[in-house]
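All remarks here apply to the structure that follows.
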Amino acid sequence: MSQQTTIRDTGEAAATNAPANSATSTSTPDNQPTPLDAFEVLLITGMSGAGRSHAADCVEDMGWYVVDNLPPKLLIPLVDMMTTSGSGSGSGVHKLAAVIDVRSSYFDELAAVLGHLDDLGVKTHILFLDASNEVLIKRYESVRRPHPLQHGNRLVDGILEERHLLEDLKERADWVIDTSSLSIHQLSTKLYETMLGSGPTTVAVHIFSFGFKYGMPIDADFVADVRFLPNPFWVPNLRELTGHDKPVADYVLSSKGAKEFLDAYEKAIEIALEGYAQEDKHYVTIAVGCTGGQHRSVAMSEELARRLRAHGLNVTVSAREQHKRHSS
């Protein structure tokens, strides 16, 4: 079965011709060298059908640079590429996760590669996904695909051969997770608890203000309408300002109903975010709208963001209509 190596990262790839034995340091965002032992490598491996692909998605959400189906022998040059001073876009990347399985013709070289990484002082971890033979058979039958080591024999023969080949690697693993009774969402929670010591949390909340007169947003999980508040546009000394300016913010937030609305909305959002986290949803977008998107929605967005940050959430804010003026 042919293999395709995929690097899953939004940045550009760095140069790939660095010598494999020159990994000596890693770079911070300002390109200053830091000790190589600050770099970490995570191997995601285990039984085919046990959830490696979903585990890779979760690890990527945790901030790791993930590479799929990487031949083990390429780990050393890839680590070197990402840890050499002045390596361009690799600078600042300190966590590399590689999904490796027995389909690689170079799998036998993995032990030597791990030894080399140990000699370099790189922190290496192994995450092993497992499941019972019965569950693996049911999963393969449900997708109607052969096992990669089946080779025309019975499905169970391929599973047993793979289990034998992975015995030593499982013994070396830092974390072994049996996914036999886990849904993909439960696996996400288990991974967060295992690797970070706590369950999943909402990775990012983005709040943006908008003007209803320019159209409803199509990318929001929540839409709040604050047009019930008095409009600063009709106050002469506030008209040319926006909700980012203190006089406007004070006017909006002191208006009747503003505090009560924020109190209730903050509580509702907090409850929803807790549920989203448990359901494996880590990105939430909240839209706050008024007529023109300049005054009330901006002030209320900033205040809602301040309140949610007080709960320890990572919150960013933007104004969709920030380039439109005199339109409220």
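In this text, all values refer to a predicted model and were calculated from it rather than measured experimentally.
- Through side-chain heavy atoms spaced under 4.5 Å, either directly or across other Ile, Leu, Val, Met, Phe, Trp or Tyr residues, F210 is tied to F208, F212, M216, V223.
- The distance from atom CD1 of I76 to atom NE2 of H116, rounded to the nearest 0.5 Å, is 5.0 Å.
- Checked against salt bridge (charged side-chain N to carboxylate O under 4.0 Å, His left out), E270 has no partners two or more places apart in sequence or in another chain.
- Remark: side-chain polar atoms of T45 are paired, donor with acceptor, to backbone N or O of I100 under 3.5 angstrom.
- Taking hydrophobic clusters as Ile, Leu, Val, Met, Phe, Trp and Tyr residues chained together by side-chain heavy-atom distances below 4.5 Å, V135 does not share a cluster with L182.
- Counted within 6.0 Å of NE2 on H164, heavy atoms from surrounding residues, nucleotides or ligands total 12 or fewer; the atom is thus considered open.
- For the atom pair CG (L127) and CG (L42), the distance works out to 6.0 Å, reported to the nearest 0.5 Å.
- Side-chain contact between N231 and C290: absent, with no pair of heavy atoms (C-beta onward) separated by less than 4.5 Å.
- The side chain to side chain contact (heavy atoms under 4.5 Å, CB included) test applied to S183 returns H185, Q186, not counting sequence neighbours.
- Looking only at distances, a side-chain donor or acceptor of Q294 sits under 3.5 Å from a matching main-chain atom of E321.
- Proximity of F233 to T291: side-chain heavy atoms (C-beta onward) are nowhere separated by under 4.5 Å.
- Applying the ring pair (Phe, Tyr, Trp, His ring centres under 6.0 Å) criterion to H125, with sequence neighbours excluded, gives W175.
- In this structure, F222 is a member of the same hydrophobic cluster as L229, with clusters built from ILVMFWY side-chain heavy atoms closer than 4.5 Å.
- Hydrophobic clustering (ILVMFWY, side-chain heavy atoms < 4.5 Å, transitive): L165 and V176 are in one cluster.
- With T194 contributing its side chain and L191 its backbone, the two residues share no donor-acceptor pair below 3.5 Å.
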(request) Please step through side-chain contact (heavy atoms from CB on, under 4.5 Å) for the pair T242 and V248, ending with a clear verdict. (result) CA-CA 6 Å; T242 74; V248 173; over 6 Å; no

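- Qualifying salt bridge (charged side-chain N to carboxylate O under 4.0 Å, His left out) partners for K259, counting only residues two or more places apart in sequence or in other chains: D263.
- Within the structure, every pair that satisfies the salt bridge (charged side-chain N to carboxylate O under 4.0 Å, His left out) test and touches residues 168-185, not counting sequence neighbours, is listed here: D130-K170.
- For E134, the side chain to side chain contact (heavy atoms under 4.5 Å, CB included) partners two or more places apart in sequence, or in a different chain, are S132.
- Looking at every heavy atom in both residues, L129 comes nearest to A55 through CD2-CB, 4.1 Å.
- A distance of 9.5 Å separates CD in E40 from OG1 in T124, rounded to the nearest 0.5 Å.
- Nearest heavy atom pair, residue V317 against residue S301, reads CG1-CB, 4.2 Å.
- Of all the heavy atoms in G293 and S209, the pair that sits closest is O-OG, 4.3 Å.
- Rounded to the nearest 0.5 Å, atoms NE2 (H311) and CD (E274) are 9.5 Å apart.
- Linking Ile, Leu, Val, Met, Phe, Trp and Tyr whenever their side-chain heavy atoms come within less than 4.5 Å leaves V298 and Y251 in two separate clusters.
- Residue pairs meeting the salt bridge (charged side-chain N to carboxylate O under 4.0 Å, His left out) criterion with at least one member in residues 216-229, sequence neighbours excluded: D221-K281, D225-R227.
- Using a 4.5 Å cut-off on side-chain heavy atoms (C-beta onward), E302 and V252 make no contact.
- Contact of the L114 side chain with the I126 side chain is registered, since non-hydrogen atoms from C-beta on lie closer than 4.5 Å.
- Using modelled atom types, one side-chain atom of H295 and one backbone atom of L241 make a donor-acceptor pair closer than 3.5 Å.
- Side-chain atoms of D61 and Y192, non-hydrogen and from C-beta on, do get closer than 4.5 Å to each other.
- Annotation for G51 and L187: closest pair O-CD2, 4.0 Å, computed over non-hydrogen atoms.
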(request) Would you sort out whether E161 and H151 count as a side-chain contact (heavy atoms from CB on, under 4.5 Å), showing the intermediate values? (result) CA-CA 11 Å; E161 181 180 351; H151 306 311; 4.2 Å; yes

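- The closest donor-acceptor contact from the side chain of T179 to the backbone of A131 lies at 3.5 Å or more, if one exists at all.
- A 4.5 Å side-chain heavy-atom check between F39 and K95 finds every atom pair outside the cut-off.
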(request) Quick one: do L43 and L75 satisfy side-chain contact (heavy atoms from CB on, under 4.5 Å)? Show the steps, please. (result) CA-CA 10 Å; L43 300 186; L75 263 176; 3.6 Å; yes

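- Here E303 pairs with L253, L262, R306, R307 under the side chain to side chain contact (heavy atoms under 4.5 Å, CB included) rule; sequence neighbours left out.
- For F228, the ring pair (Phe, Tyr, Trp, His ring centres under 6.0 Å) criterion is met by F261, not counting sequence neighbours.
- Here the closest non-hydrogen pair linking V59 and A97 is CG1-CB, 3.9 Å.
- In this structure, the side chains of Y283 and T285 stay at 4.5 Å or more apart for every pair of heavy atoms.
- Note that the CG atom of L304 and the CE atom of M300 stand 8.0 Å from one another [nearest 0.5 Å].
- Pairing each heavy atom of A319 with each of H244, the nearest pair is CB-NE2, 4.4 Å.
- Partners of K246 according to the salt bridge (charged side-chain N to carboxylate O under 4.0 Å, His left out) rule, which considers only residues two or more places apart in sequence or in another chain, are D250.
- Between Y214 and R320, some side-chain heavy-atom pair lies under the 4.5 Å cut-off.
- Hydrophobic clustering, with ILVMFWY side chains joined whenever heavy atoms are under 4.5 angstrom apart, groups L313 together with I286.
- Judged as a side chain to side chain contact (heavy atoms under 4.5 Å, CB included), and not counting sequence neighbours, the contacts of E162 are M47, S48, R52, V102, H147, L149, L166.
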(request) Dump the intermediate steps for side-chain contact (heavy atoms from CB on, under 4.5 Å) on W234 and R239, then the final yes or no. (result) CA-CA 7 Å; W234 303 113; R239 178 174 298 185; 3.7 Å; yes

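- With rounding to the nearest 0.5 Å, the separation of OG in S188 from CE in M62 is 8.0 Å.
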